[in-house]
Every structure is written in structure tokens, then in C-alpha cells.
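Down below is the structure, laid out as C-alpha cells.
Just so we're on the same page: letters track the sequence lines, and every chain starts at 1.
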2 protein chains.
Amino acid sequence: MDTAERLVASAQELLWERGYVGTSPKAIQERAGAGQGSMYHHFKGKPDLAAAAMRRSAAQLRAQADAQLAEGDTAVARVGAYLMREREPLRGCRVGRMAMDPEVIASDELREPVRDTFAWLRGRLADIVADGIAAGELRPEIDAGDTAAALAAVVQGGYVLARAAGDREPFDQAVRGALGLLRAAATDPAA
Amino acid sequence: MDTAERLVASAQELLWERGYVGTSPKAIQERAGAGQGSMYHHFKGKPDLAAAAMRRSAAQLRAQADAQLAEGDTAVARVGAYLMREREPLRGCRVGRMAMDPEVIASDELREPVRDTFAWLRGRLADIVADGIAAGELRPEIDAGDTAAALAAVVQGGYVLARAAGDREPFDQAVRGALGLLRAAATDPAA
DNA sequence: GTCTATATGTAGATAGAC
DNA sequence: GTCTATCTACATATAGAC
């Protein structure tokens, strides 16, 4: 891995752990084993490096989610594969975390990967729920877009609950609870 | 409002907007119209003032939620009153936001009000869902604790989605979606 | 490409006068 | 109780040598 790659990887880790405001160029350099001059040679400054790191994290998260959402043959199974995937709730979401940062939200360039990631995720989930309704698996009373937003929100909010508790259990409860509610919305809840 | 109160109120606002790491003592003083010496006279330092501000915000949030959760006579109505209450999704949750801050999570004193707030909220929601199941309003297949965690998570995650999008709509979709799923878990979904 | 030197501002606090 | 002075460290760069 060359220096520029190490800087991006270090920035990804630190942004995940400490957010944008809490991450200094110096800390990134130290973690990457690179000097000041080196960082400013490869990147224009902190916002530039952070944007590269966030685009990378967003792409990785999307690839991961894409694989999980393809697992299973029913809507409930596919959503379940996404919800129940192995996570580290106490670390939070490396993309969602950025949405709470005022400087990220204030900058179009920094907010873009975050916005696109969740817009894409909600769209994918909405398609799966809509397919489930069309196939007669899910009750037609539920709205596909609203349900998709709720499912995406449960994961993001689960991170908040787990970190607040200092314990992963609330996260696990939240995703189990969401899946339980989705099963209740099936035309045959016993399935 | 005396100086100490103004300092706490200013700290509450800034912690909400910028988080713990992003809030400086100087910024708090300026917003409160107080000098350095004044702040260090009333509080031991930034962590001490922040802890006071967070306890205040936690108490206010809890009082608000307590009122909403008492509205209505069925479980679905009470949860609905809580979910659909007027909020400002783009500002995020002033308590939940703190859970993403590494320095808050690392300090027992700072994390305490956040932990207690969500433990209390999940408990209240779980009681309401359990009552709904006991009354025959909600299907017994759903777990009260898991469902409560999912409902609390939807609100917190809704903030993330709205801020990511730069638009309140995903928040509104998420709470509507959660309520729709809860209605589907009613023994009489048409009600 | 990487290094060291330098610069300006802020973070977070202490000391002591008033 | 509040003010001003002072302090050490860090944030975020730029300049120019190697």
C-alpha cells in the first residue's frame, strides 16, 4: 500500500472512531506513518483527504449491503439477511456517523457520499418490500418507501442505543424487533 | 436567568449543534455573554459544564416523551403520539447525538444521562407494547422489548437519514413506516 | 515525494487583581 | 463573581530544502 493509500485508510479509521471535527491531520499522518509534507503533497488539505476517505467507506459499505440484500428468495429473508448481518454495534456506522457532524453537513462535497449511500439503501430496501407486496408475501396496507426508511433507520438508531447503553444488546433487540414487525406484516405471519 | 444558568443553556445549544468534541469553552462563554473567569468560577471545566448541560437536556427530553406516551388509549395510539410528535429532524436529537461522541462514551459521568434516557425510553415503550399484547390489541408473536428497541431506534435513525439527505422527508417516512408495521402487528390490522 | 521550519489561531485552563 | 494576563499544547496549514 503506498503512502496515499495509507493516508486514506488511516483517515477512514479515524473518521469512524472520532468523526470529522474530532480528527486532526496530524493524527491521520501519525497513524499512516507519513509526514506532514507527504500528506499535503497528496491531498489539498483535511477536507480533501476526508472526502476521499468517505467516498471509499461509502463504496465499501454499499458493496457489503448489496451482497446481503441479494441473499434469500423472499422479501422477509432478504431484509432479514441485511438486518441480522454481523456488525460491531459499539463502533457505530462509519457512514451514518458522519451525518451527525456539522461540518460534514455544511459541505456539499463531504455530505455527498453520505447522502448517496442512504438514498441508495432506502431505494434497494423499497424495491424489495415492493416486490414482497407484489408477490402477495407482504400485506398491501404497508407503504414500500415508508417501510424501507423505517428499516434503514432501525439499523442506524440501533447503533445509537447500543453506544448509549455501552452494550450491544439494544442493537440486537432493535433489529430482531424490526424483523418481528415485518413478519407480522406478512400475509401469512406464521411463515 | 443568572450567569450559571445562561452557561448551561448555551452549552445545551452548542452540544446539540456541534457535539462535545466540537464545542469549545470559549464558544459557550461567548454565546452566554460570560467571561472566562466566570465560567471557571461556576464550573470546574468543560466536562463539568457539559455534564450539567446534558443532564438538563436529558430531563427535558424525558418530560416531553413522558407526556406524549400518555396520550391515547390503545398501544398503537400511544406509540403513534410519540412517533408522530412535531420534531425538527434536521437538528437531530440533542441526547442521542451525544452517543456518537467518543469522549462522551469514554466518560462514565458524561455517558450516564444518555444511557439513562434511552434505558428509560425503551422501558416505557416496552410496557406499552406489553400492555397492548396483554389486552389482545397486538399479536402475541411480537416481543415487547425487541419491538420497543426497534421503535426507539427508528426515531434516532430517522434523524440520521434526514441529515444525510439534507431533507426532513426520510425522517417522516421512517416514523410513518414504523407505525404502519405496528398496525400490521395488531390483531385487527384494519383498526 | 518527503522532510523540516515556520506561522497564525484556537483549546482548555490557571493565577491573581478587582 | 468577574476580569485580564498568561501558559502549554494542538490545529491547520505554507515555504522551501533535499
(request) Map A/Gln36 and A/His41 onto DNA chain C by nearest heavy atom, then report which one ends up closer to the 5' terminus. (result) A/His41
(message) Tell me whether the NZ or CZ atom of A/Arg18 lies within the 45° cone about the ring axis of B/Tyr20 and under 6.0 Å from its centre.
(response) no
(request) Could you please name the option among C/dG12, D/dA11, C/dT2 that lies closest to any side-chain atom of A/Ser24? (result) D/dA11
(request) Please determine, for the side chain of A/Ser38, which listed nucleotide (C/dA5, D/dT2, C/dC3) has the closest atom? (result) C/dC3
(message) From C-beta outward on A/Lys46, which listed nucleotide comes closest to its side chain: D/dA5, D/dA13, D/dA11?
(response) D/dA13
(message) If I take atom NZ in residue A/Lys44 and atom C1' in nucleotide D/dT14, what distance separates them, rounded to the nearest angstrom?
(response) 16 Å
(request) Take the protein atom OH of A/Tyr40 and the nucleotide atom P of C/dA5, then report the distance between them rounded to whole Å. (result) 18 Å
(message) How many whole angstroms separate atom CD1 of A/Ile28 from atom C1' of D/dA11?
(response) 12 Å
(message) If the threshold is 4.0 Å, N to carboxylate O, is there a salt bridge linking B/Arg124 and B/Asp66?
(response) yes
(message) Between P on D/dC10 and CD on A/Glu30, what's the gap in Å once rounded to a whole number?
(response) 9 Å
(message) Heavy atoms from C-beta onward define the side chain here; which of D/dG1, C/dA11, D/dT12 lies closest to that of B/Lys26?
(response) C/dA11
(request) Please state how far atom CD in A/Glu5 lies from atom C1' in C/dG1, giving the value in whole angstrom units. (result) 16 Å
(message) What is the separation between atom CD on A/Gln29 and atom P on D/dA13, rounded to the nearest whole Å?
(response) 10 Å
(request) Grab the CZ-P distance between B/Phe43 and C/dA13 for me, whole Å please. (result) 13 Å
